[in-house]
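Some notes on the structure that comes next.
The structure displayed is predicted, hence computed values, not measured ones. In the text below, chain A, chain B and the rest are named by the order of the sequence lines, each starting its count at 1. Below, each value reflects all heavy atoms present in this structure, side chains not excepted, and no hydrogens, waters or symmetry copies.
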Amino acid sequence: MTKILTSDFYNRNPLLVAPDLLGKILVRNFDGKIISGRIVETEAYLAFNDEASHSFVGKTERNKSLFGKPGTAYVHSIHMQNCIDVVTEGVNIPSSVLIRALEPLEAIEIMKSLRGKENLKDLTTGPGKLCKALAITKGFNGYDLTKLGDLYIIDDNYSVSEKDIIKVKRIGISKATENEYRFYLKDSQFISKK
DNA sequence: TGATTGATGAGCT
DNA sequence: GCTCATCAATCAG
């Protein structure tokens, strides 16, 4: 049985949600066509005492989605690309889980055309890449991922054993790098970095 | 295969 | 102006 992850799933500490999201499927309804990929890499960003989190500086126009309800998308641009986070915990608790990499499942041809790349391993192996491959734009900032819409995350009962989840330090950031808040599937060929 | 570097834009101070 | 949770092209070995 396949079901959409609800707000209950996200309404927990990001350090619990991040590993649980591994193996789940991110689904994009793009002009009636379904594009999907299995989540193979995530990072947790805490609400408090986490200098690398966008919420560390307080609530601003840019990060206000982080303060919304669990299961809300926080799409932001860094350099010329977009990244997507899922808000966790409660309202006004600005923690999130960054989706860093996917394993392409459906509509791979559409991803190739959106990315302008042919190599399967170049499609979704990075937060900026996967947003482009799934046509996730800043229009999805604040989007509710817990209902059947244009963007949501489902559980198809794909089982991930605990030993296949690797926990390491986060990457690509300059602050609070010592915390081991990055999670990925051990044998996936689609993580953004070894 | 690994390391280096340039391009790119939005939002904060 | 400066930061930033990047990507991909390039070059050396």
Consider only side-chain N and O atoms of A:Ser188 and A:Glu41, and report whether a donor and an acceptor are under 3.5 Å apart.
no

Can you measure A:Arg62 atom CZ to B:dG9 atom C1' for me and round it to whole angstrom units?
12 Å

Any side-chain heavy-atom pair of A:Tyr143 and A:Thr72 under 4.5 Å:
no

In whole Å, I'd like the distance from the NZ atom of A:Lys64 to the C1' atom of B:dG11.
14 Å

DNA chain B: stems of at least 3 consecutive Watson-Crick or G-U pairs whose donor-acceptor distances fall under 3.5 Å:
B:1-7 with C:6-12, B:9-12 with C:1-4

Exactly one of A:Ile154, A:Leu145, A:Ile35, A:Leu102 should register a side chain to side chain contact (heavy atoms under 4.5 Å, CB included) with A:Leu26. Which one does?
A:Leu102

Under a 3.5 Å threshold, yes or no: a donor from one side chain and an acceptor from the other, between A:Thr88 and A:Ser95?
yes

Would the number of heavy atoms belonging to other residues, nucleotides or ligands and lying under 6.0 Å from NZ of A:Lys33 be above 12?
no

Heavy-atom nearest nucleotide on DNA chain C for A:Gly128 versus A:Ile78: which residue maps closer to 5'?
A:Ile78

By the 4.0 Å heavy-atom rule, please label A:Asp85 as base, sugar-phosphate, or nothing.
base

Value in whole Å for how far the P atom of B:dA10 lies from CG of A:Asn82:
10 Å

Side chains of A:Thr125 and A:Lys129: any donor to acceptor distance under 3.5 Å?
yes

So which one's nearest nucleotide on DNA chain C is more toward 5', A:Lys175 or A:Leu130?
A:Lys175

Ion pair A:Asp144/A:Lys69, N-O distance below 4.0 Å
yes

Do A:Asn141 and A:Ser65 get their side chains close enough for a donor-acceptor pair, meaning under 3.5 Å?
yes

Just wondering, more than 12 heavy atoms not from A:Asn157 lying within 6.0 Å of its CG?
yes

Near-strand residues of residues 47-61 of chain A, defined as heavy-atom separation under 4.0 angstrom from DNA chain C:
A:Ala52, A:His54

Please classify the nucleic acid contact of A:Lys132 as base, sugar-phosphate, or nothing, using heavy-atom distances under 4.0 Å.
nothing

Measuring centre to centre across the rings, with the benzene-like ring taken for any Trp, is A:His76 within less than 6.0 Å of A:Tyr74?
yes

Taking heavy atoms of chain A and a 4.0 Å limit, find me the 5'-most and 3'-most nucleotide of DNA chain C within that range.
C:dC4 to C:dA9

Is A:Arg170 paired with A:Asp50 through a side-chain N to carboxylate O contact shorter than 4.0 Å?
yes

